[in-house]
Undergrad: 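Sending over a structure as structure tokens; questions will come in a sec.
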Number of protein chains: 2
Amino acid sequence: MKFLFSKTCEYAIRATLFIAQKSRDGSKVRIKEIAKGIDCPEYFIAKILHELSRKGLVMSLKGRTGGFYLKKRSLNYTLADIVRTIDGDKVFTGCGLGLKQCSEARPCPLHHEFKKIRKDIFEMLLGTKLGEFNEELEKNLLFLKT
Amino acid sequence: MKFLFSKTCEYAIRATLFIAQKSRDGSKVRIKEIAKGIDCPEYFIAKILHELSRKGLVMSLKGRTGGFYLKKRSLNYTLADIVRTIDGDKVFTGCGLGLKQCSEARPCPLHHEFKKIRKDIFEMLLGTKLGEFNEELEKNLLFLKT
DNA sequence: TAAATAAAAGACTAATTTGTCCTTTAATTT
DNA sequence: AAATTAAAGGACAAATTAGTCTTTTATTTA
């Protein structure tokens, strides 16, 4: 069983951070390089990036000098945007025990505990900008594949 | 996308808490009642409980007066036991970005944040005994279905 | 002992997620 | 303009997870 995000979403996050780093000088990154850089099947990440691109989270350009990149302003997007786009907001709102309705008024046994955990996750995602790790990735202090 | 546990695991937790409460006086609970009580397909929860029963987390008895129940000692089992049995320990150890190896020595960008979150989840599960909610469930202050 | 009842066991189906491939479209270079 | 290259787009296949059904086995009651 997965930990928190779908596989698709994990790849999406890794790809976006990879693009942020590689395109910080204005250059573009091709799918092949991204796939290699984050250890994801090439066709699969293509599909995922296509989605992120349609939603405007990453930019793309076709043709010979094409590839993916981030706009300066996109560096202010956060991981919360990526996660919401790919996985929806189950992570932010869903009940930990799967109740369709779970609220203060009618809580599951873990409602309050999960509320705190979800809040921590949400704040972490919301507080993490896409360009945030550029330097540490560059210096190989952080990694996007094993 | 799921929040944290598989559907199977969510049902497993809900069913176990239900059994804990209903069998606290020594009686047994039948699958039909459990399915109704936690809003889960009957055949599906049967399969899940069978698994929990084989692992010794819940007790079962066949035949006319049969059903599921917990041993006194089982009330000291925690949700961590249920989760580990059904979903394995991805929740406790897995990398949030899906890296196969993710460690202090070679961390993903969110390694430290996730470490804390996983710890919170683990402690919460480990600190929650199966019989813990019996009273509040009885009094309808907590719910196992919507 | 026979009938009734409940879980055990395991095969099977459906749905979702993950992953692959092929054709089209857009941009660039020669 | 033609050749090349890269993403767009969408069909398709594989794997995993969720859910259903049928037969067998154990226990109790009449």
Side-chain angles (χ1 to χ4, degrees), chain A residues 1-15 19 22-23 27-36 38-70 86-88 90-91 97-98 100, chain B residues 1-15 19 22-23 27-36 38-70 83 85-88 90-91 94 98 100:
Chain A
M1 168 62 189
K2 283 270 66 284
F3 171 42
L4 191 61
F5 308 129
S6 68
K7 212 122 198 283
T8 303
C9 188
E10 292 175 346
Y11 286 140
I13 294 175
R14 280 151 64 189
I19 294 168
K22 293 294 184 186
S23 74
S27 62
K28 276 153 261 157
V29 206
R30 279 160 300 157
I31 280 180
K32 203 167 286 238
E33 188 184 350
I34 299 169
K36 207 165 284 180
I38 68 168
D39 189 25
C40 174
E42 200 174 317
Y43 288 119
F44 196 27
I45 195 60
K47 194 187 201 175
I48 297 167
L49 284 174
H50 178 213
E51 168 85 3
L52 291 178
S53 153
R54 284 199 306 109
K55 295 282 174 62
L57 290 174
V58 305
M59 299 291 110
S60 76
L61 216 66
K62 287 185 179 180
R64 197 142 190 181
T65 58
F68 292 87
Y69 62 100
L70 296 190
I86 302 294
D87 276 351
K90 272 273 174 52
V91 179
L97 296 187
K100 284 176 211 97
Chain B
M1 168 63 189
K2 282 270 64 282
F3 171 42
L4 191 61
F5 308 129
S6 67
K7 214 118 197 286
T8 303
C9 188
E10 293 176 346
Y11 285 140
I13 294 174
R14 281 151 64 190
I19 294 168
K22 291 295 184 186
S23 73
S27 62
K28 276 153 260 157
V29 205
R30 278 161 301 157
I31 280 178
K32 203 167 285 238
E33 189 184 349
I34 299 169
K36 206 164 285 178
I38 69 168
D39 190 24
C40 173
E42 201 174 316
Y43 288 121
F44 195 28
I45 195 60
K47 194 187 200 173
I48 297 168
L49 285 174
H50 179 211
E51 168 86 2
L52 292 178
S53 153
R54 285 198 306 108
K55 295 282 174 62
L57 290 174
V58 304
M59 297 293 109
S60 77
L61 217 66
K62 287 185 179 180
R64 197 144 189 182
T65 58
F68 293 86
Y69 62 100
L70 296 190
V83 170
T85 297
I86 302 295
D87 276 351
K90 271 274 174 52
V91 179
K100 285 176 210 95

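Any value given below was found using the heavy atoms of this structure, including those in side chains, with hydrogens, waters and symmetry copies removed. Lettering follows sequence order; numbering is per chain, from 1.
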Undergrad: Rounded to whole Å, how long is the line connecting atom CZ of A/Phe44 with atom P of D/dA14?
TA: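 It works out to 16 Å between those atoms.
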Undergrad: For B/Lys55, check salt bridge (Lys or Arg N to Asp or Glu O under 4.0 Å) against everything at least two apart and list the hits.
TA: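 Listed in chain order: B/Glu51.
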Undergrad: Starting at atom CD1 of B/Ile45, determine the distance to atom P of C/dA7, rounded to an integer number of angstrom.
TA: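 Distance, rounded to whole Å: 12 Å.
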Undergrad: For B/Ser23 versus B/Leu70, what's the shortest heavy-atom pair and its separation?
TA: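 Closest pair (atom of B/Ser23, atom of B/Leu70, distance): OG-N, 3.4 Å.
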Undergrad: Expressed as a whole number of angstroms, how long is the span from B/Asp87:CG to D/dT17:C1'?
TA: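 Whole-Å distance recorded here is 11 Å.
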Undergrad: What is the separation between atom CE on B/Met59 and atom C1' on C/dA8, rounded to the nearest whole Å?
TA: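 That distance rounds to 15 Å.
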Undergrad: Using a distance-only criterion (donor-acceptor N/O pair, under 3.5 Å, no hydrogens), is the base of D/dG19 paired with the side chain of B/Lys47?
TA: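 Present.
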Undergrad: Excluding sequence neighbours, so at least two apart, what forms side chain to side chain contact (heavy atoms under 4.5 Å, CB included) with B/Ala35?
TA: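 Partners of B/Ala35 by the side chain to side chain contact (heavy atoms under 4.5 Å, CB included) criterion, ordered by chain and then number, come out as B/Glu42, B/Ile45.
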Undergrad: Which residues satisfy the ring-ring contact (aromatic ring centres under 6.0 Å, His included) test with A/Tyr43, sequence neighbours excluded?
TA: none
Undergrad: For DNA chain C, whose closest nucleotide is more 5', that of B/Val29 or that of A/Cys40?
TA: B/Val29
Undergrad: Between C/dT18 and A/Thr8, is there an OP1 or OP2 to side-chain N/O distance shorter than 4.0 Å?
TA: yes
Undergrad: Can B/Asp39 and A/Lys100 be counted as an ion pair, charged N to O under 4.0 angstrom?
TA: yes
Undergrad: Let me know the distance between CD of B/Glu33 and C1' of C/dA6, rounded to the nearest Å.
TA: 13 Å
Undergrad: Quick one: does any side-chain atom of A/Arg30 pair with a main-chain N or O of A/Gly67 as donor and acceptor, under 3.5 Å?
TA: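 Side chain of A/Arg30 to backbone of A/Gly67, a donor-acceptor pair under 3.5 Å: no, none is there.
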Undergrad: For B/Phe68, what residues pass the ring-ring contact (aromatic ring centres under 6.0 Å, His included) criterion, not counting sequence neighbours?
TA: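 Checked B/Phe68 against ring-ring contact (aromatic ring centres under 6.0 Å, His included); zero matches.
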Undergrad: When you measure from the side chain of A/Ser60, which nucleotide among D/dA8, C/dG19, C/dT18 comes out closest?
TA: D/dA8
Undergrad: Grab the CZ-P distance between A/Phe5 and C/dT18 for me, whole Å please.
TA: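 Nearest whole value for this atom pair: 13 Å.
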Undergrad: Treating A/Ser27 as the side-chain partner and A/Lys22 as the backbone partner, does any N or O pair qualify as donor plus acceptor under 3.5 Å?
TA: yes
Undergrad: Measure from NZ on A/Lys28 to P on C/dA26 and round the result to the nearest Å.
TA: 17 Å
Undergrad: In whole Å, I'd like the distance from the NZ atom of B/Lys7 to the P atom of C/dA15.
TA: 13 Å
Undergrad: Residues of residues 48-58 of chain A with any non-hydrogen atom less than 4.0 angstrom from an atom of DNA chain D: list those, numerically ordered, please.
TA: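 Contacts with DNA chain D under 4.0 Å: A/His50, A/Ser53, A/Arg54.
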Undergrad: Take nucleotides 22-30 of chain D nucleotide by nucleotide from the 5' end and write B, S or -, depending on whether a protein heavy atom sits under 4.0 Å from the base, only from the sugar-phosphate, or from neither.
TA: B--BBBBB-
Undergrad: For A/Thr65, enumerate each residue passing the side chain to side chain contact (heavy atoms under 4.5 Å, CB included) test, keeping only those at least two apart in sequence or located in another chain.
TA: A/Lys28
